[in-house]
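See below for the structure under consideration.
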Amino acid sequence: LCWSAKISPSSEAAQALGKELRLWEKEVFVYKELLPAIELRSNKLHLAAPAHADLVYADIEEEDHKALLFTDLGLAGFEPGSSGCGTDPVTIELLVTTLAKLHAHGYDFMQSSSDKSRDILNDSVPLAGRRLGSEEGLQQLLSSWDPPTTDYSSRLRSLFSTEAYFSMCRAVFGSRTDKFCVPCHGAPWLENSLVWRDQAEVREAVYVNYQ
């Protein structure tokens, strides 16, 4: 049997961040609850849902030994996408279409979802400058980055240290429960995609890494 696996990172900083962001719980929920519900609903409506691998096994209870096993889409001819291989308009259109399907079907899911679903999907500790639990937590994250990023992180630290910027980020990236609310991939770049080619031309694209 061939599987695609994800295991917990060895870096202590990455483990701590993953725990705070609940990355493993999010991904398990997306594959066990969100995507199957979208697929079932789309079948009833005769509308195409975004393709995805199936979650076969999840072990996320152990603090230092987390693991997910997925069906291997490589067996169906999919291969990792890469921005280093060039970005043709066809691939981008396929990826944007996949996101559109996720957002459209996801809106329907969120309309009928429970508070528990909203809670696990809510990105309460995002990386895009919102809040990392607290300003102190964000400072610690920036300080934990590798030396090559010291200059960049110091500039970010100066920006994030202003309350005005924090307030702006909270307003822009805050709770969406009273607005048009859909689950988002969050990092839809080519490295988080798989593509299927027919005679060197990309015919289908799917996303992975839904944490």
Side-chain angles (χ1 to χ4, degrees), residues 3-6 17-61 66-73 76 78 81 91-133 169-196 203-211:
W3 312 110
S4 175
K6 292 184 69 171
L17 183 61
K19 181 179 180 181
E20 182 138 14
L21 291 171
R22 298 189 299 172
L23 298 183
W24 295 86
E25 290 83 355
K26 284 181 190 296
E27 189 143 29
V28 168
F29 180 87
V30 167
Y31 278 98
K32 288 185 67 175
E33 304 290 339
L34 175 62
L35 293 176
I38 286 177
E39 193 168 20
L40 183 63
R41 177 67 172 165
S42 67
N43 289 338
K44 292 180 179 179
L45 296 174
H46 303 291
L47 295 173
H52 60 86
D54 293 318
L55 179 66
V56 178
Y57 175 77
D59 180 8
I60 62 172
E61 300 302 322
K66 302 180 188 298
L68 303 176
L69 288 178
F70 302 94
T71 52
D72 185 7
L73 293 180
F78 282 89
T91 302
I92 297 302
E93 183 177 359
L94 288 169
L95 290 173
V96 170
T97 299
T98 297
L99 284 179
K101 291 177 183 178
L102 174 66
H103 295 161
H105 288 293
Y107 176 74
D108 178 68
F109 176 86
M110 296 301 288
Q111 291 296 100
S112 58
S113 67
S114 64
D115 291 338
K116 180 180 178 181
S117 298
R118 289 179 178 273
D119 176 63
I120 191 64
L121 289 175
N122 181 41
D123 194 1
S124 59
V125 194
L127 293 176
R130 291 174 250 177
R131 64 179 184 86
L132 194 65
C169 288
R170 291 190 188 103
V172 174
F173 297 111
S175 176
R176 290 291 198 270
T177 55
D178 58 340
K179 303 174 184 177
F180 185 79
C181 185
V182 301
C184 298
H185 185 281
W189 44 69
L190 281 166
E191 278 72 12
N192 280 334
S193 71
L194 298 174
V195 297
W196 182 83
R203 299 288 189 181
E204 189 171 358
V206 300
Y207 278 106
V208 293
N209 293 331
Y210 274 94
Q211 75 269 18

Shortest non-hydrogen contact from [X] to [Y]?
X: Pro183; Y: His103; result: O-CD2, 3.5 Å
X: His105; Y: Ser42; result: CE1-CB, 3.4 Å
X: Ala51; Y: Val206; result: CB-CG1, 3.5 Å
X: Val182; Y: Met110; result: CA-CG, 4.2 Å

Could you list the residues that satisfy side chain to side chain contact (heavy atoms under 4.5 Å, CB included) with [X], not counting sequence neighbours?
X: Asn209; result: Lys6, Asn192, Gln211
X: Val30; result: Leu34, Leu35, Leu121, Tyr210
X: Ser114; result: Lys116, Ser117
X: Lys19; result: Glu63

Under the salt bridge (charged side-chain N to carboxylate O under 4.0 Å, His left out) rule, collect the residues that match up with Arg41, sequence neighbours excluded.
Asp108

Going by the rule salt bridge (charged side-chain N to carboxylate O under 4.0 Å, His left out), which residues pair with Asp119 if we only count those two or more places apart in sequence or in a different chain?
Arg22

Inter-residue atom distance [X].[atom1] - [Y].[atom2], 0.5 Å rounding:
X: Asn122; Y: Lys26; atom1: CG; atom2: NZ; value: 6.5 Å
X: Ser193; Y: Glu191; atom1: OG; atom2: CD; value: 7.5 Å
X: Asp54; Y: Asp72; atom1: CG; atom2: CG; value: 12.0 Å
X: Glu25; Y: Lys66; atom1: CD; atom2: NZ; value: 6.0 Å
X: Tyr57; Y: Leu68; atom1: OH; atom2: CG; value: 10.0 Å
X: Trp24; Y: Asp59; atom1: CH2; atom2: CG; value: 9.5 Å

Check whether any side-chain heavy atom of Pro50 lies under 4.5 Å from a side-chain heavy atom of Tyr207, and answer yes or no.
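Pro50 vs Tyr207: side chains apart.
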
Can you give each donor-acceptor pair under 3.5 Å made by side-chain atoms of residues 92-101, sequence neighbours left out, with the distance rounded to 0.1 Å?
from, atom 1, to, atom 2, distance (Å)
Thr97, OG1, Glu93, O, 2.8
Thr98, OG1, Leu94, O, 3.0
Thr98, OG1, Ala205, O, 3.2

Name all residues meeting the ring-ring contact (aromatic ring centres under 6.0 Å, His included) criterion together with Phe70; count only those two or more places apart in sequence or in a different chain, and write none if there are none.
Tyr31

